[in-house]
2 protein chains.
Amino acid sequence: MDSAVAREQALDAAETLFYGRGIQSVGMDDIRGASGVSLKRLYQLFPAKEHLVVAYLERRDLRWRGRLAEYTDSHEDARQRVLAVFDWLGEWFREPDFRGCAWINSYGELGAVSEPVAEQVRAHKRAFRKYLEGLVDDAGLPAELAGQLHLLAEGAMVTAAVERSAEPAARAGRAARMLVEAYSPSDANGAPAGH
Amino acid sequence: MDSAVAREQALDAAETLFYGRGIQSVGMDDIRGASGVSLKRLYQLFPAKEHLVVAYLERRDLRWRGRLAEYTDSHEDARQRVLAVFDWLGEWFREPDFRGCAWINSYGELGAVSEPVAEQVRAHKRAFRKYLEGLVDDAGLPAELAGQLHLLAEGAMVTAAVERSAEPAARAGRAARMLVEAYSPSDANGAPAGH
DNA sequence: TAACGTAGAGAACGATGGTTCTCACGTCAA
DNA sequence: TTGACGTGAGAACCATCGTTCTCTACGTTA
């Protein structure tokens, strides 16, 4: 009844369905069925499907980055925080409903055809990249490393989705560790590469 | 008139349109208009749109891997061949109609909803990974490295698409060089990391 | 109680799209 | 020539879907 509640229910249904089956495969009537929010209300809250899609990506972005930050921030050491990103990816990949990166998927589906969706994807990836840069900077490591870790993380997301496996997170983590060590000044801890 | 010619024309149109605008945004009638192949003929050659999609991905897979191999094989040194992969990615990203990886895009759009398409994507990524493993093995480097380079390459494709920039290829190439050097036994050439 | 505004259920509308059908035309074999 | 066949153009069919409309029921207020 409360508009705010209906909005959250609509977004809950949108997230489950859009993420699980893709956007174009889900009709507004499916959203209604899954959310219990009538079509009339849906169109009051979101004047077109595209608005609902953008709102879904926005809310998921906040939650996704929140969960990531919560995980990494629980580590003391700055360098550990950098590597914890990949541990967290592994936990994410292991979630039973994991189906790849919502933004990469949306971009593949609508990036060429909906500018608002494309911009949402760019904003999310920009923010993720910025977050990595912060972690890397806190560890006293150069910004170049952040860009490289970003590529590893994106590659892990794609590969985990396609191969339906969480293993790419660990693989990316091992590569990340090697890069971190390669960039570290005066590397005195001496763990040999790759083990 | 020749069936084989019509098939190629249909696939040409499918490739341009599906890759450029996404699959669900392109109707069979668009394919007809762009190819000059009548609907009747189209449905003789491909009994359903899904077959056309799979055939498009199959043919593109052969060409894509062919072009990659042609480029890397032109390098003498085995280790150079490994790194040449990222140079080639840069050339690909700079093509004016570049719009990301066709398979990643298709997976995001239809992976959850069409098993044949999902399997096509898995097959392509498996073959790409296998190719990297061959290059890495020829250079006397461990298979683990191939997996890591694969993640870098996938990440570069995604990021180049979203950011509409070819720069991720160079960044991935720098990371790849560092990993190759880290894995190299008795590293006597001594180029310091990152420059 | 009466009048009113709002909401939900679901029908309706209009467009699109995958697939099939019609029909007129040309080709080739007998 | 004739008849069977294959073809192209495009209409037709049928389902889906985004979006809007209708109608009924209910809650609120005077």
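Everything numeric here is computed off the predicted structure, so don't read it as measured data. Throughout, protein chains are lettered first and strands after them, A, B, ... in sequence-line order, and every chain is numbered starting at 1.
If you take CG of B:Leu39 and P of D:dA11, they are 12 Å apart, rounded to a whole angstrom. Here the P atom of nucleotide D:dC17 and the CD atom of B:Gln24 are 10 Å apart, to the nearest Å. Atom-to-atom, CD1 of B:Ile31 to P of C:dG18 comes out at 9 Å; the value is rounded to the nearest Å. Between A:Gln44 atom CD and D:dC21 atom P there is a gap of 13 Å when expressed in whole angstrom units. In this structure, B:Arg32 places its CZ atom 10 Å from P of D:dA11, rounding to the nearest Å. Rounded to an integer number of Å, the gap from B:Asp29 CG to C:dG18 P is 9 Å. Note: CE (A:Met28) to P (D:dC17) measures 12 Å, nearest angstrom. Regarding A:Asp2, its CG atom lies at a distance of 14 Å from the C1' atom of C:dA7, rounded to whole Å.
The pair A:Arg67-A:Glu95 counts as a salt bridge, with a side-chain nitrogen and a carboxylate oxygen less than 4.0 angstrom apart. Using a 4.0 Å cut-off between charged side-chain N and carboxylate O, A:Glu167 and A:Arg174 make a salt bridge.
Across all strands shown, A:Val26 has heavy atoms under 4.0 Å from sugar-phosphate atoms exclusively, and none from any base.
With A:Arg99 contributing its side chain and A:Tyr19 its backbone, the two residues share a donor-acceptor pair below 3.5 Å.
Both B:Glu50 and B:Lys40 lie near DNA chain C, and the one whose nearest nucleotide falls closer to the 5' end is B:Glu50.
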Original post:
Stepwise, does the salt bridge (Lys or Arg N to Asp or Glu O under 4.0 Å) test hold for A:Asp12 with A:Arg59?
Top reply: CA-CA 10 Å; A:Asp12 289 346; A:Arg59 197 187 69 165; 2.8 Å; yes
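Here the side chain of A:Ser38 is nearest to one of C:dT19, C:dG8, D:dG18, namely C:dG8.
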